[in-house]
Amino acid sequence: MKNRIGFILLVLISCQTKKEQKETKIVLGAKQIESSINNKNRLFILNEKISENYVRIIPPKNSDFEFPDSSAKTEPHKNGDFNADGKEDILIYLGACGTGGCMYGLFLNQYDNFYKLAFMDYLKNAEFKVEKNGFWTIESSEALEPYKPSKIQITLFKFDKSKYEYKMDTTFVRYDKELE
């Protein structure tokens, strides 16, 4: 008799625990969906049309993002895994060209066609280097004096994991006497 009562109590406790776990899963599921929706509201949607060499950029709702040159055709410039997360990111030409180069935006792939804007700045003669940790360094260079390639200003942009964006890391002048 005691065994039967003990068994019944065990079953009831087990059922109550399963019910609480199920309710917890429902609450957690709702929070995950809410988090996903909020995350989507902060991400850009990119639709790349390879045949037209064009990327349609849809900014997040309620953002203050403005295109630097609304007349420019937003073109893909470089695709690759810039932040070493296994997803293909895209550097996009945004126009607004001047003596300091042209404006580019680096969009890091979060999932599907949802991206985070991690860099937006002027680049000139852009080059890329993959570091040992897999992160890409963006290098921008320009001659300091017209028709004198012996003095070149180099600016390096590197990925900042803590802020999840690219920041200017170093600026220096490369001087080559042999080119004078």
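The closest donor-acceptor contact from the side chain of D112 to the backbone of F114 lies at 3.5 Å or more, if one exists at all. At least one donor-acceptor pair closer than 3.5 Å links the side chain of Y166 to the backbone N or O of F82. Between the side chain of S140 and the backbone N or O of T155, no donor-acceptor pair lies under 3.5 Å. Checked by atom type and distance alone, the side chain of K49 never pairs as donor or acceptor with a backbone atom of R56 at under 3.5 Å. Checked by atom type and distance alone, the side chain of K116 never pairs as donor or acceptor with a backbone atom of E165 at under 3.5 Å. A donor-acceptor pair is defined here as one N or O able to donate and one able to accept, closer than 3.5 Å; such a pair exists between the side chain of D89 and the backbone of N109.
Y175 and L144 fall into different hydrophobic clusters, where Ile, Leu, Val, Met, Phe, Trp and Tyr side chains are chained together by heavy-atom contacts under 4.5 Å. Note on L43 and I58: same hydrophobic cluster, where clusters join Ile, Leu, Val, Met, Phe, Trp and Tyr whose side-chain heavy atoms are under 4.5 Å apart, directly or indirectly. Residue I45 is grouped with residue Y111 when hydrophobic side chains (ILVMFWY) are merged at heavy-atom distances under 4.5 angstrom, including chains of intermediate members. A chain of hydrophobic side-chain contacts below 4.5 Å, direct or via other Ile, Leu, Val, Met, Phe, Trp or Tyr residues, connects L91 to F135. When the side chains of ILVMFWY residues are joined at heavy-atom separations under 4.5 Å, either directly or via intervening members, W136 and L106 end up in a single hydrophobic cluster.
Atom NZ of K78 is surrounded by 12 or fewer heavy atoms from other residues, nucleotides or ligands within 6.0 Å. Within a 6.0 Å sphere centred on CD of E66, heavy atoms belonging to other residues, nucleotides or ligands number 12 at most. Around the NZ atom of K161, the shell of radius 6.0 Å holds no more than 12 heavy atoms that belong to other residues, nucleotides or ligands. Heavy-atom neighbours of N47 CG from other residues, nucleotides or ligands within 6.0 Å: above the threshold of 12.
Among all heavy-atom pairs drawn from P68 and A96, the shortest one is CB-CB, 3.8 Å. A pairwise comparison of heavy atoms in I90 and E48 identifies CD1-OE1, 3.6 Å as the closest pair. The shortest heavy-atom contact between S141 and I154 is CB-CD1, 3.6 Å. The minimum heavy-atom distance linking L108 with A118 is given by the pair CD1-CB, 3.5 Å. Here the closest non-hydrogen pair linking M120 and L94 is SD-CD1, 3.8 Å. Listed here is the closest heavy atom pair of N113 and Y115: O-CD1, 3.4 Å.
In this model, a donor atom of one side chain and an acceptor atom of the other lie less than 3.5 Å apart for E131 and T137.
Partners of Y104 according to the ring pair (Phe, Tyr, Trp, His ring centres under 6.0 Å) rule, which considers only residues two or more places apart in sequence or in another chain, are H77, Y93.
Aromatic pair F65/F44: ring centres closer than 6.0 Å.
Considering CG of D169 and CD1 of I138, their distance stands at 11.5 Å, rounded to 0.5 Å. With rounding to the nearest 0.5 Å, the separation of CD in E127 from CG in L156 is 10.5 Å. Note that the OG atom of S150 and the CZ atom of R174 stand 12.5 Å from one another [nearest 0.5 Å]. Note: D69 CG to C102 SG = 9.5 Å, rounded to the nearest 0.5 Å.
Residues F159 and Y164 meet the side-chain proximity criterion, which asks for heavy atoms closer than 4.5 Å. Two residues are said to be in side-chain contact when any heavy atoms from C-beta on lie closer than 4.5 Å; T74 and F67 meet this criterion.
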